[in-house]
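Comments concern the structure below.
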There are 2 protein chains.
Amino acid sequence: MSEITIKYLAQKLNLATSTVSRALNDSHEISETTKRKVTELAKALNFQPNAYAKGLRQQKTKTIGIIVPDRVNPFFNLVIEGAESICRANGYSLIAYNSYEDVEQEKKIVYGLLGGKVDAVIMSLADEEKEAQHLEWLRERNIPVIFFDRVAQHLEGFKFTTNDQESSYLGTKHLLEKGCKKVIYLGLSHTSSVGAARREGFIQAHQELGKALDPACLMEMGHNDKENQEILEKMFFKLTRPDGVLAAAEKLGLAAYRALIKTRIKVPDQVRVVSFTNMQMADLLNPPLSTIAQPAFDMGSACALELIKGLKDKKVDLSEEKRIIIPSVFTPRESSR
Amino acid sequence: MSEITIKYLAQKLNLATSTVSRALNDSHEISETTKRKVTELAKALNFQPNAYAKGLRQQKTKTIGIIVPDRVNPFFNLVIEGAESICRANGYSLIAYNSYEDVEQEKKIVYGLLGGKVDAVIMSLADEEKEAQHLEWLRERNIPVIFFDRVAQHLEGFKFTTNDQESSYLGTKHLLEKGCKKVIYLGLSHTSSVGAARREGFIQAHQELGKALDPACLMEMGHNDKENQEILEKMFFKLTRPDGVLAAAEKLGLAAYRALIKTRIKVPDQVRVVSFTNMQMADLLNPPLSTIAQPAFDMGSACALELIKGLKDKKVDLSEEKRIIIPSVFTPRESSR
DNA sequence: TAAAAATTCGGAAACGATTGCACAGGAAAA
DNA sequence: TTTTCCTGTGCAATCGTTTCCGAATTTTTA
């Protein structure tokens with residue numbers, strides 16, 4: 001590894017390692033002249049303090065971990081990006097972990113983090129319902145955890161979410177007002193707080209507009225894209241097909257689009273579509289897709305900001321319950337005209 | 001941080017820390033009975049060895065760093081994903097850094113890495129032309145570096161690329177054979193090896209098919225999406241507009257699509273389009289986009305695999321020049337019919 | 001001018017894990 | 001019985017940094 005250490009600098013300059021260390025950290029008890037000598041040599045030799053020695057000694061690492069269920073998903077990808085920008089601006093590093101929607105994998109990651117790799121953790125859970133024992137371990141080890149989107153239901157803490165129910169309500173209302181008689185709701189998991197809220201908004205819209213709602217219209221899909229698409233194709237093929245779709249996840253919106261193309265059903269003439277999604281090119285789809293976009297980047301930066309504030313300021317208790325809501329943006333386009 | 005240490009386990013069991021350490025590492029010089037006792041207690045208390053103490057002592061961290069110019073870009077995102085999957089399977093962690101297409105930022109990241117944060121680095125450069133002094137620092141500190149896509153031109157090493165020239169050649173030939181009279185090439189930087197190769201393939205196709213090529217058709221675009229789109233809109237508005245577009249980057253393909261929609265020019269009737277891209281939904285665009293997809297995931301996993309092999313096997317010299325080519329996939333769709 | 005205080009620096013002990021070496025105790029060989 | 005060897009364990013050094021505690025020198029104060 002690095003051969004240039006503080007010890008090396010010290011003997012080059014005939015100083016003690018403690019002096020060099022203090023000089024590099026701009027301590028007040030070191031004279032300006034020695035400070036200058038030290039920093040100059042350090043710069044010349046491109047000295048970089050060993051992160052592990054530092055972390056070991058100070059018991060903090062200046063890094064934050066973020067665990068998401070699906071890194072490739074543009075939503076989570078943008079959250080990571082937002083968090084990273086704030087971390088970077090504050091001298092923190094960010095390590096991103098992917099739980100692949102799997103609680104066991106998530107546990108492994110969390111247990112690995114127990115080894116003091118990070119000072120704090122930002123999480124979106126693989127499953128909110130499951131016991132949160134692995135998360136409590138983090139708390140016990142004094143590693144703060146805050147949540148976004150899929151937040152813990154059995155653990156208190158800072159929780160960043162978006163106005164899922166309201167957004168879903170608005171999207172559904174939009175479809176109904178455009179004249180849809182039978183709108184189906186495509187959800188991934190109604191046990192998640194996000195799924196439950198979106199589902200609730202969907203139902204709420206029907207109630208407020210006095211529209212009947214067939215329970216069969218609340219569809220729970222799986223994580224397998226191919227299967228989802230086939231199920232939808234079959235449904236669209238029937239004469240009893242719906243004339244509106246509210247997709248509560250990007251992958252479901254895309255599956256619906258593909259199924260509609262396959263069955264040659266016209267959007268929006270025969271079926272109108274609105275989808276939750278963070279894709280950048282909804283306007284380029286065929287036809288342009290009406291979207292409900294979660295404030296991904298902002299959510300990531302808000303999480304990181306609040307977390308770093310909490311790490312700096314001992315008065316902030318990151319383990320107390322606090323909910324922060326950042327609104328989503330509904331953009332109607334051709335697909336629901 | 002973590003209060004549960006080896007020392008703590010040792011005194012609980014009336015053993016020396018060395019014994020505990022050896023037991024946990026499954027050393028042959030520890031009896032099965034003590035091993036069992038130790039591992040059981042460790043599991044019960046959920047002991048995790050301190051990563052920083054371990055890293056400091058062993059002078060290796062079991063983590064790999066990856067630096068990309070634009071993490072949000074699906075190509076790089078997928079590369080990271082591919083690399084991560086291999087790392088995870090081999091007990092390595094992966095830390096992803098974003099240089100934001102900025103050499104200075106890249107240098108900062110690299111210098112930060114000098115502090116022994118990682119055992120090795122996978123990189124795609126912000127600028128291949130610039131001096132590679134910061135990369136040589138890594139080599140001097142015995143931190144192997146390998147490259148993908150945008151590889152170093154002034155430094156030897158393992159370099160993973162795709163068949164850029166051939167792919168570009170095929171895409172261009174396809175456009176010309178479909179009857180295009182005037183195809184424009186949209187590139188980001190002809191000084192990069194990737195840009196140069198794609199440009200070369202474009203020219204090669206014209207030569208082999210005996211088509212004249214106006215130098216003005218080789219267009220160098222910038223990184224600003226809005227500006228690019230405006231330039232293209234102006235061009236498409238003229239009567240001398242091209243009837244074919246080969247976009248050498250996803251963002252350029254999208255800019256072209258947006259410009260074509262804005263100017264109400266029909267694809268593929270008036271202008272045919274082929275774009276390098278890794279987006280997942282090219283088939284859903286309006287019209288479905290003909291793509292040249294780089295093998296992003298495979299490239300990431302190949303990098304990680306080779307790197308880890310090199311770290312394990314001292315006989316492999318990761319600093320010697322070696323080029324590995326993973327072919328791209330051309331998928332013609334409606335946009336170039 | 002002597003004492004007190006401030007400034008500037010060095011020595012050494014941490015942080016938590018690994019590892020070379022020493023050393024018991026028992027088994028095997030002589 | 002004595003010697004040799006092996007097995008299982010403990011001691012202590014080490015990785016590179018920070019930081020507590022003094023100590024030496026200079027400056028200020030009485």
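The chains referred to below are lettered A, B, ... by the order of the sequence lines, with proteins before strands, and numbering in each begins at 1. Predicted model, so just to flag it, every value in this text is computed and none were measured.
Remark: of the listed residues A/Glu128, A/Glu101, A/Glu106, A/Glu101 is the sole one forming a salt bridge (charged side-chain N to carboxylate O under 4.0 Å, His left out) with A/Arg150.
A/Leu15 places its CG atom 16 Å from the C1' atom of D/dT17, with the value rounded to the nearest Å. A straight line from CD of B/Gln11 to P of D/dG10 spans 13 Å, rounded to a whole angstrom. One atom, OH of A/Tyr8, and another, P of D/dT17, lie 14 Å apart when rounded to the nearest Å. In this structure, the NE2 atom of B/His28 is 10 Å from the C1' atom of D/dG8, given to the nearest Å. C/dA13 atom P lies 17 Å from atom CG of A/Leu56, rounded to whole Å. Regarding A/Leu114, its CG atom lies at a distance of 14 Å from the P atom of C/dG16, rounded to whole Å. One interatomic measurement links the two molecules: NZ of A/Lys7 to P of C/dA12, which rounds to 13 Å at whole-angstrom precision. Put simply, CD1 on A/Ile30 is 18 Å from P on C/dA6, counting in whole angstrom units.
Side-chain atoms of B/Gln294 and B/Asp149 include a donor-acceptor pair closer than 3.5 Å.
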Task: Under 4.0 Å protein heavy-atom contact, by nucleotide of nucleotides 18-24 of chain C - B base, S sugar-phosphate only - done: BBB----

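Judged by distance alone, with hydrogens and angles left aside, the side-chain atoms of B/Asp119 form no donor-acceptor pair with the main-chain N or O of B/Ile64 at under 3.5 Å. With hydrogens and angles ignored, the 3.5 Å screen pairs no side-chain donor or acceptor of B/Thr39 with any backbone N or O of B/Ala23. Put simply, the side chain of A/Gln48 never gets that close to the backbone of B/Leu114: no donor and acceptor are under 3.5 Å apart. B/Asp102 places a side-chain N or O within 3.5 Å of a backbone atom of B/Glu104 that can act as its donor or acceptor partner.
Atom CD of B/Glu81 and atom OG of B/Ser301 lie 10.5 Å apart (nearest 0.5 Å). Note that the CE atom of A/Met123 and the CG atom of A/Leu138 stand 7.5 Å from one another [nearest 0.5 Å].
A/Lys108 NZ: 12 or fewer foreign heavy atoms inside a 6.0 Å radius.
One axis for each end of the helix from C/dT1-D/dA30 to C/dA30-D/dT1, each built from five base pairs, and the angle between them comes to 50° at 10° resolution.
Between A/Ser31 and C/dC9, a side-chain N or O to OP1/OP2 separation shorter than 4.0 Å is present.
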